[in-house]
There are 2 protein chains.
Amino acid sequence: MSVSEQSFEAEATPSPPAVTFEGRGTYDERLNQILAAATATFARLGYEKASMREVAKAAGVSLAGLYHYFDGKEKILFLIQFRAFGSLQNNLREKLHGIDDPELQLRAMIRAHLTYFAANMEALKVCSHELDSLTGSAYSETRQIRHAYYEITRGIIERLIHTHNTNGNIDLHVATMALFGTLNWLYRWYDPQRGPAVTTVANQIADQCLHGLIGTTKTGDQ
Amino acid sequence: MSVSEQSFEAEATPSPPAVTFEGRGTYDERLNQILAAATATFARLGYEKASMREVAKAAGVSLAGLYHYFDGKEKILFLIQFRAFGSLQNNLREKLHGIDDPELQLRAMIRAHLTYFAANMEALKVCSHELDSLTGSAYSETRQIRHAYYEITRGIIERLIHTHNTNGNIDLHVATMALFGTLNWLYRWYDPQRGPAVTTVANQIADQCLHGLIGTTKTGDQ
DNA sequence: TATACTAGAACGAACGTTCGTTCGACAATA
DNA sequence: TATTGTCGAACGAACGTTCGTTCTAGTATA
């Protein structure tokens, strides 16, 4: 029992034979409900300050019931990050499929990231803010997924720069992390419900990233 | 006693008459030592996870001794942020003095921010990561300083864009927060001791911010 | 002696986690 | 059709620990 070795991709868990308490849903459905409540609580209070009692209350389950679904507090955070980073990466690979131009790839990457962010704000807030809260193998595992995501993005930027080889003084790591900084900082200020539309923000960030605040490819000023 | 109403700028505290335990230094010197140890502990463990006992141990002081210098845990965090944001802002105003060109102003802002960051990494890590950890008036007060810093930067970007009015579709808030994202994310990855020099990184980020990754003002490609 | 400061013990509260138990649904037996 | 046994789901209560904070007593300086 418990969710210890569960893959984030598989929707079915082997052990419980899909027995249905009417009104409660299946085991997996209930687990996902609790996970969503935990995500909201972690996003609101921060991982350390959020207590298991608070998570249980938000999920509408007893404290002991919470431990029936999860091995412990850290496992919950791990599952949130593992799923989010995994989905983020799968979504990106899908959106990049069939695009060859590095510029269009970068635009697609930024659009995909922001769209996913807007649809899963609480999860991405937890992911961005609690990057160092996991320990041991849980940390290594999520770090590995993040690194793959980083490599994809860095590859795009590398090809982009080599295509327009106007300047050889660009450090790829700095350039990549500058972009990730802009994207990961979004959870601090951007509210898709109040601010400009997601696609608008994505386009502006992509424009800024490609051409800067004053550099325009339309008309050279010298 | 205690540091409750202390201004972050004033170096002298009125109440304790600068009595010197040989080897200990004055009251203010000792307070600054403890504050530095607290900053390092908060940066290493995070504010919530760092305990007062851990801070006391790092500062080489007893738990009761710690409470002799500070009213409580939150006061310590407040003082760290208040001083850092204040210094950051004073430093920026100083560096902007006498510069009129918005482009040079933006370059100076980025260079000033990164230089201060490299010289005070632990404090800026705490400031970037624990933006929402303060409550009540302590939160309002630090938020006010941060807002002033934001306004200065936004003003620079506004004048920059109006000078090169090539594109009217730029949301100033988005543009400003994109830059702050890049800068505030630095504490997650940049190590001034291992990576490129601070000035190198500052120049590249400024170049990217102004001209983007491929957009160059030298030659328009259409 | 008066003051500045420290040390250790202790406080109540909250923490993550575990325990023993009960409940309800299902399968096999009689 | 009754009865019995099994299993997951969920519970209230409590575990031992650590938290931020306070208190009391003591030491060294001026």
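Since this is a predicted model, take the numbers as computed values, not measurements.
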Would you mind writing out the side-chain donor-acceptor pairs for residues 185-196 of chain B within the sub-3.5 Å range, not counting sequence neighbours?
from	atom 1	to	atom 2	distance (Å)
B/Tyr187	OH	B/His129	ND1	2.8
B/Arg188	NH1	A/Asp132	OD2	3.4
B/Arg188	NH2	A/Ser128	O	2.9
B/Arg188	NH2	A/His129	O	3.2
B/Tyr190	OH	B/Pro196	O	2.6
B/Tyr190	OH	B/Val198	N	3.4
B/Asp191	OD1	B/Gln193	N	3.0

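For A/Ser62, a side-chain nitrogen or oxygen approaches OP1 or OP2 of D/dC11 to under 4.0 Å. For A/His68, no side-chain nitrogen or oxygen approaches OP1 or OP2 of D/dA10 to under 4.0 Å. Proximity of B/Arg30 to the phosphate of C/dC5: no side-chain N or O atom is located under 4.0 Å from OP1 or OP2.
Residue pairs that meet the salt bridge (charged side-chain N to carboxylate O under 4.0 Å, His left out) test with at least one member in residues 142-152 of chain B, sequence neighbours left out, do not exist here. Residues in residues 104-120 of chain A take part in these side chain to side chain donor-acceptor pair (under 3.5 Å) pairs, two or more places apart or across chains: A/Gln105-A/Arg159, A/Arg107-A/Asp207, A/His113-A/Tyr149.
Residue B/Phe70 contributes atom CZ, which lies 12 Å from atom P of C/dT6 at whole-angstrom precision. Regarding A/Tyr27, its OH atom lies at a distance of 13 Å from the C1' atom of D/dA10, rounded to whole Å. Remark: C1' of D/dT21 and CD of B/Glu74 are 14 Å apart, rounded to the nearest angstrom. Nucleotide D/dG20 holds its P atom 17 Å from the NZ atom of B/Lys75, rounded to whole Å. For the pair B/Arg53 CZ and D/dT17 C1', the computed distance is 11 Å after rounding to whole Å. In this entry the distance linking CG of B/Leu63 with C1' of C/dC11 reads 12 Å, nearest Å. We find that CG of B/Leu31 is positioned 16 Å from C1' of C/dT6, with the value rounded to whole Å. C/dG8 atom P lies 15 Å from atom CG of B/Leu66, rounded to whole Å.
Side-chain proximity of B/Val61 to C/dT6, D/dA14, D/dT21: nearest is C/dT6. Taking every side-chain heavy atom of A/Ala64 into account, C/dC19 is the closest of C/dC19, D/dG20, C/dA7. Closest to the A/Tyr67 side chain, of the nucleotides C/dT6, C/dT17, D/dT21, is C/dT17. Set against C/dC5, D/dT21, D/dA10, the side chain of B/Lys73 has D/dT21 as its closest nucleotide.
Judged as a ring-ring contact (aromatic ring centres under 6.0 Å, His included), and not counting sequence neighbours, the contacts of A/His147 are A/Tyr150. Take B/Tyr47 and apply the ring-ring contact (aromatic ring centres under 6.0 Å, His included) test, not counting sequence neighbours, and it matches B/Phe42.
Against DNA chain C, the stretch residues 37-51 of chain A makes heavy-atom approaches under 4.0 Å through A/Ala50, A/Ser51.
Residue B/Leu96 holds its CG atom at 4.5 Å from CD1 of B/Ile156, rounded to the nearest 0.5 Å.
Checked against the 6.0 Å centroid threshold, A/Phe78 and A/Tyr139 do not count as a close aromatic pair.
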